[in-house]
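First up is the structure itself, then whatever we jot down about it.
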Amino acid sequence: MIRISNTMTRTKEEFTPLASGEVRMYVCGVTVYDYSHIGHARSAMVFDVIRRYFTFKGYRVTFVKNYTDVDDRIIKRANDAGVTAREFAERFIQAEREDMASLGVLAPDVDPKATEHVGEMIRLIEQLVASGHAYPIEGDVYFAIRSFPPYGRLSGKNLDELLAGARVEVDERKRDPRDFALWKGAKPGEPAWDSPWGRGRPGWHIECSAMAMKYLGATFDLHGGGEDLIFPHHECEIAQTEACTGKPFARYWVHNGMVNMGKEKMSKSLGNTLNIREIVKRHDPDALRLWMLGTHYRNMIEWSEERVEESARALERLARLFHDAAAARDGGGPAPLPPAFAEFRPRFERAMDDDFNTPQVLGVLFDFGRALADARDRGAGGPGAFIAGVDELVRLARVLGLFGRATTTDGPPAEVQRLLAARGEARARRDFRRGDELRDEIGRLGWLVEDTPAGPRLTPKGR
RNA sequence: GGCGGCGUAGCCAAGUGGCUAAGGCGGAGGUCUGCAAAACCUCUACUCAGCGGUUCGAAUCCGCUCGCCGCCUCCA
């Protein structure tokens with residue numbers, strides 16, 4: 001039984017899907033006017049892991065993540081760059097896909113773009129206008145907040161206090177200063193679509209309502225995003241959608257914590273972002289993931305090169321097991337998992353079931369790793385047992401998105417083999433000086449030589 | 001000002017009423033080794049920001065104080 005912290009109820013709730021055996025989830029994606037940063041990476045990895053875990057538990061998962069490809073900043077930057085907003089957005093959509101793939105994040109089942117769903121949005125807005133939840137003014141359309149009493153429930157905002165503390169300049173045309181735009185009349189030079197209220201473009205919040213409904217239905221299981229989206233974005237999504245359908249929108253609201261730079265939140269507007277593509281030049285994606293998952297997804301995490309490097313060291317300990325298992329593999333059929341290693345999967349599931357407690361899960365994986373190394377060193381159960389154990393570890397780690405790439409090696413190149421043999425001869429002559437030279441030379445070719453009781457072991461450096 | 005979150009070892013980080021307070025990094029010692037490396041073993045918080053309270057019992061619940069962060073405006 002999976003339990004999930006639901007932002008809506010502020011409690012950890014038992015997860016029951018709407019349709020048995022099926023999970024439908026929607027995650028808010030990025031506004032594509034720049035390269036994705038580590039904060040986006042966190043959100044992506046968090047929901048990637050949640051999705052993978054649902055799949056691991058046997059659910060059929062439909063995962064939708066959108067692109068916001070029309071927005072003030074996209075328009076402005078596209079103008080500055082002298083290209084169309086569409087071209088500009090497309091460039092960063094491509095970049096985002098590359099970045100996410102480089103992090104081992106699985107592609108969504110559907111990744112809709114706002115600009116390709118304007119028709120759906122217009123129909124939604126029409127319904128809202130018809131039912132009195134929205135009103136047009138001079139080419140704009142606003143959502144009437146007072147027509148939806150539950151507004152504020154998700155974010156825990158009190159409407160009166162919201163008004164009192166409002167920092168936004170008041171638009172006198174609005175019936176209520178808290179009303180938000182569903183449709184914005186076009187200014188000259190902006191991308192625009194025809195609508196019953198004249199040419200214009202959709203407001204931000206309406207796109208997620210329209211796309212989530214289109215691909216997942218009026219009610220679906222899980223809606224996710226960064227915690228900075230709780231208000232106003234998700235609050236407004238709920239208002240629009242539920243005012244329109246009269247049905248509950250998402251059943252579980254899941255929000256990930258922010259990535260901080262120092263003490264401050266990493267955000268595009270603060271200009272303190274670190275792009276994913278810069279980071280993957282310096283760090284193994286698995287090390288990044290291990291670092292991210294070492295903090296519970298709801299807590300804030302502070303960016304630190306040092307912490308990521310520490311994670312890389314921790315990762316190496318596990319990676320070494322894979323190489324040893326690969327080396328010991330003899331092509332025989334898979335051995336059954338020895339009882340000594342049977343405790344780890346239940347522990348893994350218990351931790352994941354409890355609101356995707358990945359830090360605890362990692363503890364289980366490292367315990368598992370130690371047990372495996374111990375078995376390997378003592379020769380307990382023979383190589384078959386060791387290999388079966390490593391396979392199990394890899395299966396569990398992959399639910400976290402770790403070790404998704406090939407973990408077996410192609411074996412050392414002939415040149416390395418030749419040098420290793422020469423080193424063996426030198427050492428047999430007790431010519432250790434020559435032996436160490438050869439070891440250094442092999443090292444320069446990217447392979448680490450270690451002497452074990454069973455003979456020398458070769459490991460590719462940096463996995 | 002309103003709402004929410006956090007403060008656990010040198011660092012990172014789980015645990016949220018009761019066995020010895022996970023795990024990672026770092027550090028110390030040991031086994032192994034020609035030397036290494038790796039691995040494994042042992043040790044590294046009598047204590048959970050501080051002060052009160054509830055309880056047979058609290059890091060875990062309640063109150064207050066101090067410090068930090070987020071949202072209330074675009075933001076993952």
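Chain letters run A, B, ... following the sequence lines, proteins first and then strands; every chain starts at 1.
Looking at the side chain of A:F231, the nearest of the listed nucleotides B:C69, B:C71, B:A76 is B:C71. Each of B:A14, B:G24, B:A36 was ranked by its minimum atom distance to the side chain of A:E450; first place goes to B:A36. Comparing B:G15, B:A37, B:C11 by their closest approach to the side chain of A:Q360 singles out B:G15.
Across every non-hydrogen atom of A:A85 and A:I74, the tightest pair is O-CG2, 3.8 Å.
Contact check, A:R10 against B:G5: no side-chain N or O comes under 4.0 Å of OP1 or OP2. A:N299 has a side-chain polar atom (N or O) that falls below the 4.0 Å cut-off from OP1 or OP2 of B:A14.
The residue A:L229 sits close only to the backbone: its heavy atoms come under 4.0 Å of sugar-phosphate atoms, none of a base. As judged by a 4.0 angstrom heavy-atom cut-off over every strand, A:M258 is placed among the base-contacting residues. Here A:S267 lies in heavy-atom contact (under 4.0 Å) with a base. At the heavy-atom level, A:K265 lies under 4.0 Å from base atoms of the strands shown. Within 4.0 Å of A:G224, counting heavy atoms only, lies no atom of the nucleic acid at all. The residue A:G39 sits close to a base: some heavy atom pair falls under 4.0 Å. At the heavy-atom level, A:V27 lies nowhere under 4.0 Å from the strands shown. Across all strands, A:H233 comes closer than 4.0 Å to no nucleic acid atom at all (heavy-atom distances). Heavy atoms of A:N357 sit under 4.0 angstrom from primed sugar atoms or phosphate atoms, though from no base atom. Within the 4.0 angstrom heavy-atom criterion, only backbone atoms of the sugar-phosphate kind lie near A:D367; the bases stay farther away.
Panel note: side chain A:E235, backbone A:S155; a donor-acceptor pair is recorded below 3.5 Å. No donor-acceptor distance shorter than 3.5 angstrom exists from the side chain of A:D451 to the backbone of A:P456, with no hydrogens or angles considered. For A:K174 (side chain) and A:D179 (main-chain N/O), a donor-acceptor pair under 3.5 Å exists by modelled atom type. Proximity of a side-chain donor or acceptor of A:E190 to a complementary backbone N or O of A:K187 within less than 3.5 Å is detected. Checking side-chain atoms of A:R289 against main-chain N and O of A:L103 turns up a donor-acceptor pair under 3.5 Å. Formation of a donor-acceptor pair under 3.5 Å by the A:N275 side chain with backbone atoms of A:R277 is not found in this model. Proximity of a side-chain donor or acceptor of A:S311 to a complementary backbone N or O of A:R307 within less than 3.5 Å is detected. Judged by distance alone, with hydrogens and angles left aside, the side-chain atoms of A:R317 form no donor-acceptor pair with the main-chain N or O of A:G369 at under 3.5 Å. No side-chain donor-acceptor contact under 3.5 Å links A:D109 to the backbone of A:V64.
Taking atom P on both B:C68 and B:C43, the two are 38 Å apart, rounded to the nearest angstrom. Using atom C1' as the reference point in both B:G34 and B:C46, the two lie 45 Å apart (nearest Å). Nucleotides B:C64 and B:U54, compared at atom C1', are 15 Å apart to the nearest Å. Using C1' as the reference atom, B:C41 and B:A76 are 44 Å apart when rounded to the nearest Å. Distance noted for atom C1' between B:A45 and B:G10: 12 Å (whole Å). For B:G17 and B:C62, the P atoms lie 11 Å apart once the distance is rounded to whole Å. Atom name P, nucleotides B:A36 and B:G70: the rounded distance is 49 Å, in whole Å. Across B:A58 and B:G50, the matching C1' atoms stand 16 Å from one another, rounded to whole Å.
Distance A:F366 CZ to B:G24 C1': 6 Å, rounded to the nearest Å. Per the geometry, CZ belonging to A:R307 stands 11 Å off P belonging to B:G26, to the nearest Å. If you take CG of A:L154 and P of B:C71, they are 15 Å apart, rounded to a whole angstrom. In this structure, CG of A:N158 is placed 10 Å from C1' of B:C3, rounded to the nearest angstrom. At whole-Å resolution of the value, CG in A:D34 and C1' in B:A76 are 14 Å apart. One can place CZ of A:R298 at 11 Å from P of B:U16, the figure rounded to the nearest angstrom. For the pair A:D355 CG and B:A14 P, the interatomic distance rounds to 12 Å; values are reported in whole Å. As rounded to whole Å, 15 Å separates atom P of B:G70 from atom CG of A:N256.
A residue-by-residue look at A:N260 and A:E302 shows that A:E302 has its nearest nucleotide of RNA chain B further toward the 5' end. Closest-nucleotide positions on RNA chain B for A:D354 and A:I230 were compared, and the one nearer the 5' end corresponds to A:D354.
Within a 6.0 Å sphere centred on CZ of A:R153, other residues, nucleotides and ligands contribute 12 heavy atoms or fewer. In this structure, A:K76 places its NZ atom where only 12 or fewer heavy-atom neighbours from other residues, nucleotides or ligands lie under 6.0 Å away.
No N or O donor and acceptor, one from the side chain of A:K268 and one from the base of B:C74, sit under 3.5 Å apart. A donor and an acceptor atom sit less than 3.5 Å apart, one in the side chain of A:S269 and one in the base of B:C74.
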Protein-nucleotides 30-34 of chain B N/O pairs closer than 3.5 Å?
{"residue": "B:G34", "atom": "N7", "partner": "A:R427", "partner atom": "NH2", "Å": "3.0"}
{"residue": "B:G34", "atom": "O6", "partner": "A:R427", "partner atom": "NE", "Å": "2.9"}
{"residue": "B:G34", "atom": "N1", "partner": "A:D436", "partner atom": "OD1", "Å": "3.1"}
{"residue": "B:G34", "atom": "N2", "partner": "A:D436", "partner atom": "OD2", "Å": "2.9"}

Return the polar atom pairs (N/O with N/O) between nucleotides 39-42 of chain B and the protein under 3.5 Å, or none.
{"residue": "B:A39", "atom": "O2'", "partner": "A:R376", "partner atom": "NH2", "Å": "2.8"}
{"residue": "B:A39", "atom": "O2'", "partner": "A:D377", "partner atom": "OD2", "Å": "2.2"}

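Shown here, B:U16 forms no base pair; nothing in the strands shown gives a Watson-Crick or G-U wobble contact with both key distances under 3.5 Å. Remark: B:U42 base-pairs with B:A28; criterion is Watson-Crick or G-U wobble with both hydrogen-bond distances under 3.5 Å. Base-pair partner of B:G70: B:C3 (Watson-Crick or G-U wobble, both distances under 3.5 Å). Base-pair partner of B:G34: not found among the strands shown (Watson-Crick or G-U wobble, both distances under 3.5 Å). Across every strand in view, B:C64 sits in a pair with B:G50 that passes the Watson-Crick or G-U test at under 3.5 angstrom.
Both tests pass for A:K268 against the ring of A:Y33: distance under 6.0 Å to the centre and angle within 45° of the axis.
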